[in-house]
Amino acid sequence: MLALIDCNSFYAACEQAFRPDLKNKPVVVLSNNDGCIVAANREAKALKCLNMFDPVFKHKSELVKHGVTVFSSNYALYADMSRRVMNILGRFSSDIEVYSIDEAFVDLAGFDKSDHTAYGTNIRNTILKYTGLPTGIGIGPTKTLAKAANKIAKTFPQKTAYVYSIDSEHKRIKALKWLQLKDLWGIGRRYAKKLNRLGIYTAYELCMLPDDWVRNNMTVVGLKLKQELEGTPCIELEQVRPRKKAIGTAKSFGVKLSDYKLISEALAYYVAEVAEKLRAQNSLAEAMMVFIHTNQFRTKDKQYARNMVINLPRATCSTTELTHFALKALKAIYKPGYNYKKVGVLLAELVNENAVQKDLFADESADIKQRKLMQAMDRINLRFGKGSTLTAACGVRRNKWKLRQQNLSPRYTTSWNELLKVA
DNA sequence: TCTGGGGTCCTAGGACCC
DNA sequence: TCTGGGGTCCTAGGACCC
C-alpha cells in the first residue's frame with residue numbers, strides 16, 4: 001500500500017502558520033509579479049468569486065469586500081516548510097518519493113494492514129503539530145488510487161478527518177464510481193472533454209473501456225492509468241529524483257522594458273540562477289535556448305517574440321561561460337523599439353559531469369580554476385543568501401526589473417533578520 | 001495599470017543508415 | 001505488372017503534472 005500525503009492549500013497554509021491572527025480567515029497567494037491568484041485556502045475558495053489563475057486585478061473589489069488577506073509568493077518560505085514536512089515523513093518510512101513541493105508518496109509495505117488509516121492519522125497529526133500545516137492523506141494499492149483516496153479525504157473532511165484508505169475491492173469500486181474523470185490524476189482538460197463527448201464521466205466508466213481503445217486513443221499513459229485504477233501498479237515509486245533533463249527560468253519583468261542593457265542584466269541574473277541549479281545536480285549543459293517576448297495582453301503594443309538555440313562548444317556549468325553565450329544570443333534576437341515583458345533561458349542537453357568526454361587539447365588548469373570559483377560562489381550564496389555574489393553582467397540595478405512583490409511575508413525560517421517576533 | 005513558472009512523457013512522420 | 005527489410009535519430013505537436 002502507498003500513501004499520498006498532500007498539504008492543504010500549501011502556500012496559503014505556510015503563510016497562516018506564522019499568522020495566527022488569520023486563522024479561519026480567507027487567504028490567497030499570488031503568482032510572481034503579483035499577477036494571478038495561485039493558491040487560496042478553504043475560506044477563500046468558499047467565496048466562489050475567486051477563480052484560481054485569474055488575474056488578481058479583476059478581483060480587487062471582491063478581495064477588499066470579503067477582507068481577504070493577500071500575499072505575494074514567498075518561495076524561500078515555502079521551500080523551507082516543504083523540507084520540514086518531508087523530513088518528518090522520513091521518520092515514518094524510508095521509502096518516500098517527494099513528488100512536488102507539497103506532496104509525497106510513502107510506501108507502507110511492512111505496516112500492519114488493519115492499521116493504515118490509524119498510521120495515516122498519526123502522520124497527519126505529527127506534521128500538524130511540528131509545522132502547523134494541515135494535510136490530507138490518501139492510501140491505496142497504487143499511486144493513482146492513493147491520489148484518488150486523497151481526493152476523497154479532502155472532499156469529505158467530516159467523514160474522513162482528512163485520512164482515507166482504499167483498502168478493499170468494495171471501497172475501490174465505490175471510489176471509482178464517485179470519481180469524476182476531470183479529477184483523475186493523468187486526465188487533463190483535453191482527455192476529459194474527449195471522453196465526456198463519448199458519454200464517459202467517471203473513473204469507473206473509463207475502466208469499462210477495452211484496453212485497446214484506451215491504448216489507441218490515450219497512448220500507453222492512458223492504459224497505465226486504467227490499470228492503476230484497477231489495482232495493478234504501473235507507476236513505480238521514484239525514491240531518487242532523476243536528474244533534470246532541462247533547467248530553465250523565465251520571469252516577467254515587474255515593468256515593461258525596452259532598454260537592451262537592462263534586459264541583458266536580467267538575463268545574466270537568470271543564467272546565474274539556472275547555472276547554480278545545474279551544478280547542484282552535477283550536470284553540464286550542452287545546449288542553451290534564449291528567448292524574449294513582448295506582452296501579448298497589451299494588444300495595442302507592437303508584438304515581437306523570438307528565441308535562439310545555441311549548441312555550446314563544450315559541455316559546461318560555468319556561470320561566466322554560460323552568460324557569455326546567453327548574452328551573445330540575446331544580442332542576436334533583441335530588436336530595439338519594443339516593450340518587452342519577459343526574457344528567459346533554458347539549459348538543455350544536460351549530461352552527467354562524470355560522463356562527459358573532455359577536450360583533448362584544452363588547457364585544464366583554467367577549467368579547474370573556474371570550477372573552484374563556481375564552488376566558492378555557490379557556498380557564499382548558500383551561506384549569505386541568494387545573490388550575495390553575482391557576475392558583473394548582472395549589473396546593480398535589479399530594482400529596475402525585479403519581480404513586483406507588494407505583499408511579501410518575511411522569510412520566517414531562513415533569515416535571521418526576519419524571525420517571527422512574539423510580543 | 002495590472003494577466004505565472006517549471007517541468008515530463010509519448011507519438012507520428014520524415015530523414016537517414018546499411 | 002512488378003519496386004526490400006530492418007533499423008536509428010530528430011522534431012513538432014499534443015498531452016499531462018504541480
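Chain letters run A, B, ... following the sequence lines, proteins first, then strands; residues in each count from 1.
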Which comes earlier along DNA chain B counting from the 5' end, the contact point of A:K224 or that of A:D34, where each point is its nearest nucleotide? A:D34
Along DNA chain B (nearest heavy atom to each residue), the more 5'-positioned of A:P55 and A:T219: A:P55
Would you call [X] and [Y] a salt bridge, using N to O less than 4.0 angstrom?
X      : Y      : value
A:E103 : A:K147 : yes
A:K143 : A:E97  : yes
A:K261 : A:D259 : no

Considering every strand and a 4.0 Å limit on heavy-atom distances, what is the contact class for A:V56: base, sugar-phosphate, or nothing? nothing
Can you check whether [X] and [Y] have ring centres sitting under 6.0 Å from each other?
X      : Y      : value
A:Y119 : A:F92  : yes
A:Y201 : A:W178 : no
A:Y269 : A:W401 : yes

Of A:L403, A:L77, A:N74, which meets side-chain contact (heavy atoms from CB on, under 4.5 Å) against A:L408? A:N74
Using 30° and 60° as the class limits, which term best fits the ring planes of A:Y11 and A:Y78: parallel, tilted or perpendicular? parallel
Below 30° counts as parallel, above 60° as perpendicular, anything between as tilted: where do the rings of A:Y304 and A:Y338 land? parallel
Is there any side-chain hydrogen bond (donor to acceptor under 3.5 Å, both in side chains) pair reaching into residues 320-336 of chain A, and which pairs are they, with sequence neighbours excluded? A:R314-A:E321, A:T316-A:E321, A:S318-A:T320, A:T320-A:Q370
Taking protein heavy atoms under 4.0 Å as touching, what does nucleotides 4-9 of chain B look like 5' to 3' if B marks base contact, S marks sugar-phosphate-only contact and - marks none? BSSSSS
Could you write nucleotides 12-18 of chain C as a row of B, S and -, 5' to 3', where a protein heavy atom under 4.0 Å of any base atom gives B, of only sugar-phosphate atoms gives S, and otherwise -? ---SSSS
Test item: A:R172 side-chain N/O and A:L229 main-chain N/O as donor-acceptor pair under 3.5 Å: yes
Pairs flagged by ring-ring contact (aromatic ring centres under 6.0 Å, His included) wherever residues 207-259 of chain A is involved - sequence neighbours left out: none
From [atom1] of [X] over to [atom2] of [N], roughly how many Å is that when rounded to an integer?
X      : N      : atom1 : atom2 : value
A:H59  : B:dT3  : NE2   : C1'   : 11 Å
A:N216 : B:dT11 : CG    : P     : 10 Å
A:L225 : B:dC10 : CG    : C1'   : 15 Å

Does a side-chain N or O from A:R298 land closer than 4.0 Å to OP1 or OP2 of B:dT3, or not? no
Of residues 89-98 of chain A, the positions that come close to DNA chain B - non-hydrogen atoms, cut-off under 4.0 Å: none
Base-pairing string, 5' to 3', of DNA chain B - Watson-Crick or wobble, under 3.5 Å, | interstrand: ....||||||||||||||
Both conditions, 6.0 Å and 45 degrees, for the charged tip of A:K171 above the ring of A:Y164: are they met here? yes
